[in-house]
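Just below is one structure, and these are the notes that go with it.
It should be emphasised that the depicted structure is a prediction, and the values quoted were computed from it without experimental measurement. Naming: A, B, ... by sequence-line order, numbering from 1 per chain. Because only heavy atoms are used, hydrogens play no part in the values below, and waters and symmetry mates are left out as well, while side chains stay in.
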Protein chains: 2
Amino acid sequence: MTSNDILFKALSDPARLRILDFLRKPGSDCCTFEGKVCACDIERELGLSQATISHHMKILVAAELVAATKLGRWMHYTIRPETFAATAAWFAERAAGTAPAPRPKGSVAA
Amino acid sequence: MTSNDILFKALSDPARLRILDFLRKPGSDCCTFEGKVCACDIERELGLSQATISHHMKILVAAELVAATKLGRWMHYTIRPETFAATAAWFAERAAGTAPAPRPKGSVAA
DNA sequence: TCTATATATCGATAGATTTCGATATGTCAA
DNA sequence: TTGACATATCGAAATCTATCGATATATAGA
């Protein structure tokens, strides 16, 4: 599996897309603080079991879409903008029809 | 299923990613003509059965990643750059951390 | 240390997905 | 119309995935 395979597999589940959306605009309940969202918030937002949320977060972190930091008992999650930016470039490249190998540097249309 | 779900599911299979790559830089064999690739070329390139390729192409077309045109007995496939551009914007939006709803028009960082 | 809480892991199950061979459909050329 | 070829669809097998309850691990507080 390439890292692209891992990335797109991570994005290919509706629950995980909802999690990414929630990380962008979390509510002001519970442990959420300064855009850092804890797992229990996500669990309540999605209505899935704790085990399932833990599983999804592991996949999102492995795909480098989300960063995880442990604060005491809580895990706090945030979007990783670099990965989104790199993926935006991947799509922009293909939208522009340019081949990946023989491209002059700096020409990514992102 | 939203159209994003369909799109990301279409991208979440290694065989389909290889097909998208091949559509960008097809060889000069067989029916390939002016960047239009026929199903038999893809079949030979990937080493999968004809039924499997047909299945994958259906998914890529449904996700609007690929356009299909029938020429006589042959199906010719091409990348749909609009979809890649729109998806690039989707990622760029999230890389920039902007929310989708209350955003002034024209501020997408793509 | 003991208890409560937050998250991770395990094992199982239901449902989805990939893949194939077989067959159907559609199109061109005799 | 008939035969050959390209692609689509069908039905089945194997594998993968999402989900859960149960349990383990880790941390904070008493």
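In the set D:dT7, D:dA18, C:dT19, D:dA18 carries the atom at the smallest distance from any side-chain atom of A:Ile59. Here the nucleotide nearest the side chain of B:Ser54, chosen from C:dA8, C:dC20, D:dA8, is D:dA8. Considering only side-chain atoms of B:Leu48, the nucleotide from C:dT7, C:dC20, C:dT9 that sits closest is C:dC20. Considering only the side chain of A:Tyr77, C:dA8 comes nearest among D:dC20, D:dA18, C:dA8.
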What does the B/S/- profile of nucleotides 24-30 of chain C look like, 5' to 3', with a 4.0 Å heavy-atom cutoff to protein? --BBS--

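In this structure, the ring of A:Phe8 has its center no less than 6.0 angstrom from the ring center of B:Phe8.
With the nearest nucleotide of DNA chain D identified for both B:Met57 and A:Ile53, B:Met57 has the one nearer the 5' end. In this structure, A:Ser12 and B:Glu43 both approach DNA chain D, and ranking their closest nucleotides by distance from the 5' end singles out B:Glu43.
Rounded to an integer number of Å, the gap from B:Met75 CE to D:dA6 C1' is 10 Å. Distance, A:His55 NE2 to D:dC16 P: 14 Å, rounded to whole Å. Protein atom CG of B:Leu46 is 13 Å distant from nucleotide atom C1' of C:dT18, rounded to whole Å. Taking atom CG on A:Asp5 and atom P on D:dC16, their separation rounds to 14 Å, with Å as the unit. As a whole-Å value, the separation of A:Gln50 CD from D:dA26 C1' is 13 Å. Residue A:Ile19 contributes atom CD1, which lies 14 Å from atom C1' of C:dT7 at whole-angstrom precision. Rounded to whole Å, the distance from NE2 on B:His76 to P on D:dA6 is 11 Å. Taking atom CG of B:Asp41 as the reference point, atom C1' of D:dA6 lies 12 Å away to the nearest angstrom.
Side-chain N/O atoms of A:His56 include none lying less than 4.0 angstrom from OP1 or OP2 on D:dT17. Not one side-chain nitrogen or oxygen of B:Thr52 sits closer than 4.0 Å to the OP1 or OP2 atom of C:dT18. Under 4.0 angstrom from either OP1 or OP2 of D:dC16 there lies no side-chain N or O belonging to A:Lys9. When the side-chain nitrogen and oxygen atoms of A:Lys58 are compared with OP1 and OP2 of C:dT7, none of them lie within a distance under 4.0 Å.
When all heavy atoms of B:Ala85 and A:Ala95 are compared, the pair lying nearest together is N-CB, 3.5 Å.
Judged by distance alone, the side chain of B:Thr87 and the main-chain N or O of B:Thr83 form a donor-acceptor pair under 3.5 Å. Between the A:Arg16 side chain and the A:His56 main chain, no donor and acceptor come within less than 3.5 Å of each other.
A heavy-atom distance below 4.5 Å is found between the side chains of A:Leu20 and A:Val66. Contact annotation: the side chain of B:Ile42 approaches that of B:Met57 to within less than 4.5 Å [non-hydrogen atoms, C-beta and beyond].
No continuous path of ILVMFWY side-chain contacts below 4.5 Å connects B:Ile59 to B:Tyr77, so the two sit in separate hydrophobic clusters.
One finds a salt bridge joining A:Asp21 and B:Arg94 here, because a Lys/Arg side-chain nitrogen approaches an Asp/Glu carboxylate oxygen to under 4.0 Å.
Note on B:Ala39: only backbone sugar-phosphate atoms sit closer than 4.0 angstrom, heavy atoms only; bases stay farther off.
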